[in-house]
Protein chains: 2
Amino acid sequence: MPTIRDVARLARVSVPTVSGVLNGTRNVSKKTSLRVRTAIVALDYHPDQVARSLRSRRTQTIGFVIPDVTNPFFTDVLRGVEDTARQNGYSVILCNSNEDPVVERKRLAMLYSRRVDGVLIAPTDFRSVTERPLRRDFPLVYIDRIPPGFSGAAVVTDNLGAAYEATRYLISLGHRRLAIITGRLNISSGRDRLEGFRRALQEANLPLAEEHLRQGDFGLESGYLQTLELMGLKNPPTAIFSCNNKMTLGLMRALGELRIACPEQVSVFGFDDFEWAANFSPRLSTIAQPTYELGRLAMEMLIRRIQNTRPEGKDKDKDQDKDDKDVDQQQVITLKNELKPRDSTARFTQ
Amino acid sequence: MPTIRDVARLARVSVPTVSGVLNGTRNVSKKTSLRVRTAIVALDYHPDQVARSLRSRRTQTIGFVIPDVTNPFFTDVLRGVEDTARQNGYSVILCNSNEDPVVERKRLAMLYSRRVDGVLIAPTDFRSVTERPLRRDFPLVYIDRIPPGFSGAAVVTDNLGAAYEATRYLISLGHRRLAIITGRLNISSGRDRLEGFRRALQEANLPLAEEHLRQGDFGLESGYLQTLELMGLKNPPTAIFSCNNKMTLGLMRALGELRIACPEQVSVFGFDDFEWAANFSPRLSTIAQPTYELGRLAMEMLIRRIQNTRPEGKDKDKDQDKDDKDVDQQQVITLKNELKPRDSTARFTQ
DNA sequence: TTGAAAGCGCTACCAC
DNA sequence: GTGGTAGCGCTTTCAA
């Protein structure tokens, strides 16, 4: 495995000169530059990123912590993150927290040990992230979910608004008995979606029966079980709003097993869109989040924050970074969602 | 950011002693050890993996190169890879090749520069991988797909056998006019699935009409377009075998648009199982690959290969590693697939 | 049981 | 323009 010294030797120049050629960080004569390049090719030399990172205090690596790799929402976001990272010379270390705060904390500690330049996170729990040492140690951008009373960098979508619109849509179809299967209520996306639903009901002067408010956890199983209970009620709802893709899947399975026709007997509106939602029957009515954009914007914001944080030199006064002109510091970007009413919702006729 | 020296200073010991305590690689008296541990906690010290990697020639990182992060097949595999990697102290850098050989080569070069300990790859192209310098530079385990005439480390599934069985199943239902939408035929999975289909037909003395052999590329669009053509034929097939999940999705979309009922008018058997396949109507008949296992076994094989490759010291005779007792060196593990006949296939009645 | 010193491959800061 | 030298944070001899 050739090193920079081998290249220097072969090109009969000094090591710093080779480094200069590699990084374009030094004035080098045409002739020398050519000799160096030739040597690089001849030896098939590839600079050691590890050594480079140690020296420069930059790993060109970011961590991306998500609760579930198998959820298409997150993999779509991941694609946006990965593409944008690559384009800017960053690699992505993927961490699956499995919706477990303990695992999440471990992953963050590991990312810290690896000296990643920054972290993108869809958190499961806010203690993981507000506690030391994680808060100070690298630029962090929240994605998809934010802590209550949050002020910091984040990219999310308008969960409340989209849930509100979808619910209004159901109401406009004539539905009066609406049920919701919520997500986890300890994170913003779960809470906001419930809140949007509530508001639309309130505005229409519709009651939300206790029994029609079912708490799920974003997992398939919870959607399945809650639907079973919901449809077993004496007064089953005529429309169900499901707060994420996996739960919608469980919901549809339950409906299938109960032989309840959708949308004839019950309408379904689900948060999250995905390839199959539009290609199977019934074609699902969904809220499409701009997943790729979410990933792209979050990554761009993270890169900006990384660039505004000089790699820790000899630390002088602590917190000297406070006055960074980093506009992103306190920025929360909220993206619009798109309603995709399709065939799983129908007009309610008594 | 505290370093090992800060810890040493605070604990009033030498740097190597701290290192010894951290790695359990040195006999240290109880008392000193305790002092060191206390200092570590007090300073909230986290060893710098970058420096450690530079010194030890191990990054505890592997690269995972896949053609499509949004394909649930690969993300399910990814979960197996990630879990197993973590359990063994490895991190995963994810690389999306987008089925593009050029991108793939770039990613491999980058992984090399980052000095990953090894690579797992579902290749799009075999030149990427057989050419220098990639072949020699890190342990490589193929996953899901192997080059023609391959001898090396790989974990794949029995594509040929599963396609054969699925086709026989369709035949047993009375179908005589079967069509196939193949995957990319320059990789083993695509080829083997076609071959299995062919064999079953041959054995049953059924012809494969030229027009019923449609070449797809594993993408949704190709499944969609080929189905459109297929069902527009004068003699449309009564059963279609689709060679992966995305194409099956396109297939179902085409059927929906053409208002062709499945399974009443045409039976569909698809390669790859996924959550939604069993939860929507029609519940899809699929071939379920052991995705998690695939990832787990491949990662385990890679770890074994990494451990049998001493980190390049001063290279003496080249190829001295040849005599490694690495049984995996030439090993190809083939996992069984499972047929899941469901509701998208029905008996053919004239 | 412990410490001093060397060095992994690179970049940055000097001189010239 | 170019080269010498120091040093990033750690592990690994080698002595004591």
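What you see is a predicted model, and the numbers here were worked out from it, not measured in a lab. Protein chains get the first letters and strands the later ones, always in sequence-line order, with residue 1 at the start of each.
Using a cutoff of 4.0 Å between basic side-chain nitrogens and carboxylate oxygens, B/E82 and B/R79 are not scored as salt-bridged. With salt bridges taken as basic N to acidic carboxylate O contacts below 4.0 Å, one links A/R296 and A/E293.
Put simply, CG on A/L43 is 15 Å from C1' on C/dG9, counting in whole angstrom units. D/dT12 atom C1' lies 12 Å from atom CD1 of B/I4, rounded to whole Å. Taking atom NZ of A/K31 as the reference point, atom P of D/dG1 lies 13 Å away to the nearest angstrom. In this structure, B/K30 places its NZ atom 11 Å from P of C/dT1, rounding to the nearest Å. Between A/Y45 atom OH and C/dG9 atom P there is a gap of 10 Å when expressed in whole angstrom units. Rounded to a whole Å, the NE2 atom of A/H46 is 16 Å from the C1' atom of C/dG9. When rounded to the nearest whole Å, the span between CG of A/D48 and C1' of C/dG7 equals 14 Å. B/L22 places its CG atom 10 Å from the C1' atom of D/dC10, with the value rounded to the nearest Å.
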Point to revise | Step-by-step side-chain contact (heavy atoms from CB on, under 4.5 Å) determination, B/R58 to B/R115 | key: CA-CA 8 Å; B/R58 288 285 196 220; B/R115 301 299 189 260; over 6 Å; no

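Taking only side-chain nitrogens and oxygens, B/N23 comes nearer than 4.0 Å to OP1 or OP2 of D/dT11. Between A/S53 and the phosphate of D/dC8, there is no side-chain N or O to OP1/OP2 separation shorter than 4.0 Å. Between A/T17 and D/dG3, a side-chain N or O to OP1/OP2 separation shorter than 4.0 Å is present. Taking side-chain N and O atoms only, B/T32 has a distance below 4.0 Å to OP1 or OP2 of C/dT2. The phosphate of C/dT2 (OP1 or OP2) has a side-chain N or O of B/S29 nearer than 4.0 angstrom. Listed pair B/R57 / C/dC8 fails the phosphate criterion, with no side-chain N or O lying under 4.0 Å from OP1 or OP2. For the pair B/S19 and D/dC10, the criterion of a side-chain N or O lying under 4.0 Å from OP1 or OP2 is not met.
Contacts of A/V50 with the nucleic acid, taken as non-hydrogen atoms under 4.0 Å apart, are absent.
Nearest to the side-chain atoms of B/P16 among the listed nucleotides C/dA12, C/dA5, C/dC10 stands C/dA5. Considering only side-chain atoms of B/T3, the nucleotide from C/dC10, D/dT2, D/dC10 that sits closest is D/dC10. Here the nucleotide nearest the side chain of A/R26, chosen from D/dG4, C/dT2, C/dC10, is D/dG4. Nearest to the side chain of B/R55, among D/dT12, C/dT11, D/dG4, sits D/dT12. Comparing atom distances between the A/A51 side chain and each of D/dG4, C/dC10, C/dT1 picks out C/dC10 as nearest.
Going from atom CE of B/M1 over to atom CG of B/D6 covers 10.5 Å, rounded to the nearest 0.5 Å. The distance from atom CD1 of B/I306 to atom CZ of B/F138, rounded to the nearest 0.5 Å, is 10.5 Å.
Using modelled atom types and a 3.5 Å distance limit, the side chains of B/T59 and B/D117 yield a donor-acceptor pair.
Each of A/R5 and B/S14 was assigned the nucleotide of DNA chain C with the nearest heavy atom; the assignment lying further toward the 5' end belongs to B/S14.
In terms of polar N and O atoms assigned as donor or acceptor, the side chain of B/R115 never comes within less than 3.5 Å of the base of C/dG9 in a complementary pairing.
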